[in-house]
Amino acid sequence: MLWFVASVLLLCVPAESANAIGWCYHIGECNDTTWPINFAPHCNGTRQSPIDINSSNVTINENLTDFTFTNYNNTGVLTKIENTGRTVKVSFASGVGISGGGLGESYDSLQFHLHWGNGTTEAGSEHTLNGVQYPMELHIVNAKSSYNGDTTLAVQDSSGLAALGFLIKVEPGTTDSPASWKDLTSYLSNITEMGQSATITHQISLDSLLAGVNRSSYYRYNGSLTTPSCQEAVVWTVFKEPIQISENLLKLFSTSVHVGNTSTPLMVNVWRAVQPVALPVQATKSGSSSIKATGLSLCLAALCLALGKR
Ligand SMILES: *[C@@H]1O[C@H](CO)[C@@H](O)[C@H](O)[C@H]1NC(C)=O
Ligand SMILES: *[C@@H]1O[C@H](CO)[C@@H](O)[C@H](O)[C@H]1NC(C)=O
Ligand SMILES: *[C@@H]1O[C@H](CO)[C@@H](O)[C@H](O)[C@H]1NC(C)=O
Ligand SMILES: *[C@@H]1O[C@H](CO)[C@@H](O)[C@H](O)[C@H]1NC(C)=O
Ligand SMILES: *[C@@H]1O[C@H](CO)[C@@H](O)[C@H](O)[C@H]1NC(C)=O
Ligand SMILES: *[C@@H]1O[C@H](CO)[C@@H](O)[C@H](O)[C@H]1NC(C)=O
Ligand SMILES: *[C@@H]1O[C@H](CO)[C@@H](O)[C@H](O)[C@H]1NC(C)=O
Ligand SMILES: *[C@@H]1O[C@H](CO)[C@@H](O)[C@H](O)[C@H]1NC(C)=O
Ligand SMILES: *[C@@H]1O[C@H](CO)[C@@H](O)[C@H](O)[C@H]1NC(C)=O
Ligand SMILES: *[C@@H]1O[C@H](CO)[C@@H](O)[C@H](O)[C@H]1NC(C)=O
Ligand SMILES: *[C@@H]1O[C@H](CO)[C@@H](O)[C@H](O)[C@H]1NC(C)=O
Ligand SMILES: [Zn+2]
């Protein structure tokens, strides 16, 4: 056991080139409880992400208008999928971006990555909604277009980055669904070890991965990166509705990729816990109607199921 812990720690430390101490999710010596100490001054700051969003304690802001998503319908912009040892990251070609959405200016979309738990037995989203943690969360990272992809500059600006957070839950009664997620997860078996990457050859658009989510309906707050160095440079958008994928595809994340080589632990529970400082959260107008409608139809579906079982 001691040997196990020591060897995994060794792996954790050299994996971090920029910082002497390193950070991780899976070992006490470098997990998120240590970040406020090892990565002060940012990780111990006062606008840290993620947070719990309490939907009954948000302010409606009518300036939170629709986004314009550029090239999100383009099936050729996802270039590379990579195991970083802490997440699975997908890089974008240039020309992908967002504007509107109450953001002051346009932002370039650079990459997305995911946070997950352990299959469906342990949840793994970073943001929680009314105290509920979802199985997984997708983050699209965007930087102000004026920085031309220079994230070193962007993290020094309190609104230099705009992150789009999509909660992910299990779509009941489906397998290999949706097709976009089946295609995406088909690459996980090629990137089982840290540092491995694959070129994406399937035609997958961002729109197809985000299908089913009403992107006019979201929460907004000013927060931080959720990984060290936790710079407080992120305008957060968390969409009210989740992406739904089948359980078998969700489980592939916690059963395919490792934190190091294939002799090291599987990458599970790769998320930061909600932060203690409550931050003011705004919401788009009339967002509750679709949530209520979803709730009602779920109730009706449950009722139908119950009736059908008789
Ligand atoms: C796998 O990684 C561990 C920890 O870094 C290392 O001790 C071991 O030699 C590696 N195994 C292989 C087959 O490379
Ligand atoms: C981090 O490690 C510490 C020390 O082992 C442990 O008490 C804590 O529960 C861990 N936190 C997480 C989120 O795993
Ligand atoms: C974070 O830690 C740094 C360095 O220890 C300290 O100067 C700063 O006051 C701390 N910030 C907060 C909000 O506690
Ligand atoms: C919405 O925008 C208008 C015009 O810029 C501004 O006066 C107002 O304060 C904004 N409202 C909120 C809630 O930010
Ligand atoms: C993507 O959307 C833009 C703007 O709505 C449209 O002009 C373009 O034809 C669409 N491209 C594809 C491949 O559907
Ligand atoms: C993940 O869950 C599986 C069962 O689904 C369990 O066997 C395994 O020990 C769990 N791993 C961790 C690190 O919690
Ligand atoms: C949400 O806020 C309301 C009042 O603003 C409070 O009564 C409730 O306990 C909060 N819920 C959570 C999950 O924090
Ligand atoms: C993934 O690995 C399989 C075999 O394991 C191989 O046939 C396939 O070409 C690889 N795909 C990519 C995109 O690397
Ligand atoms: C975020 O910060 C900007 C600039 O200080 C401010 O105008 C805006 O109201 C803040 N947004 C929220 C949701 O607090
Ligand atoms: C409601 O949110 C504000 C921040 O906008 C926070 O100060 C307050 O504690 C929250 N109240 C509850 C009951 O959660
Ligand atoms: C999407 O959300 C917006 C804002 O909440 C709402 O006005 C609109 O009706 C919703 N659209 C659908 C298709 O539910
Ligand atoms: Zn993230």
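Order of appearance sets the numbers: ligands from 1, and atoms from 1 within every ligand.
A salt bridge links D157 with K144: the distance from a Lys NZ or Arg NE/NH1/NH2 to an Asp or Glu carboxylate oxygen falls below 4.0 Å.
In summary, the atoms of ligand 7 found under 4.0 Å from a heavy atom of S56, numbered by their order in the structure, are 1 (C), 2 (O), 3 (C).
Both V96 and V213 are assigned to one and the same hydrophobic cluster, defined by single-linkage of ILVMFWY side chains at heavy-atom distances under 4.5 Å.
Considering both main-chain and side-chain atoms, N57 never comes within under 3.5 Å of ligand 7 through any nitrogen or oxygen pair. For a threshold of 3.5 Å applied to N or O pairs, the pair formed by T264 and ligand 1 contains no separation below that value.
Protein heavy atoms all stay at least 4.0 Å away from atom 9 (O) of ligand 4. Inside a 4.0 Å radius of atom 4 (C) of ligand 4 there is not any protein heavy atom.
Looking at N61, T59, N63 and measuring to atom 2 (O) of ligand 4, the nearest heavy atom belongs to N63.
When each of W236, F166, W271, F112 is tested with H139 by the rule ring-ring contact (aromatic ring centres under 6.0 Å, His included), just one qualifies, namely W236. For the side chain to side chain contact (heavy atoms under 4.5 Å, CB included) with L184, the qualifying choice from V88, L249, I81 is I81, the only one to do so.
Between W35 and H42, a ring centre-to-centre spacing not shorter than 6.0 Å is recorded.
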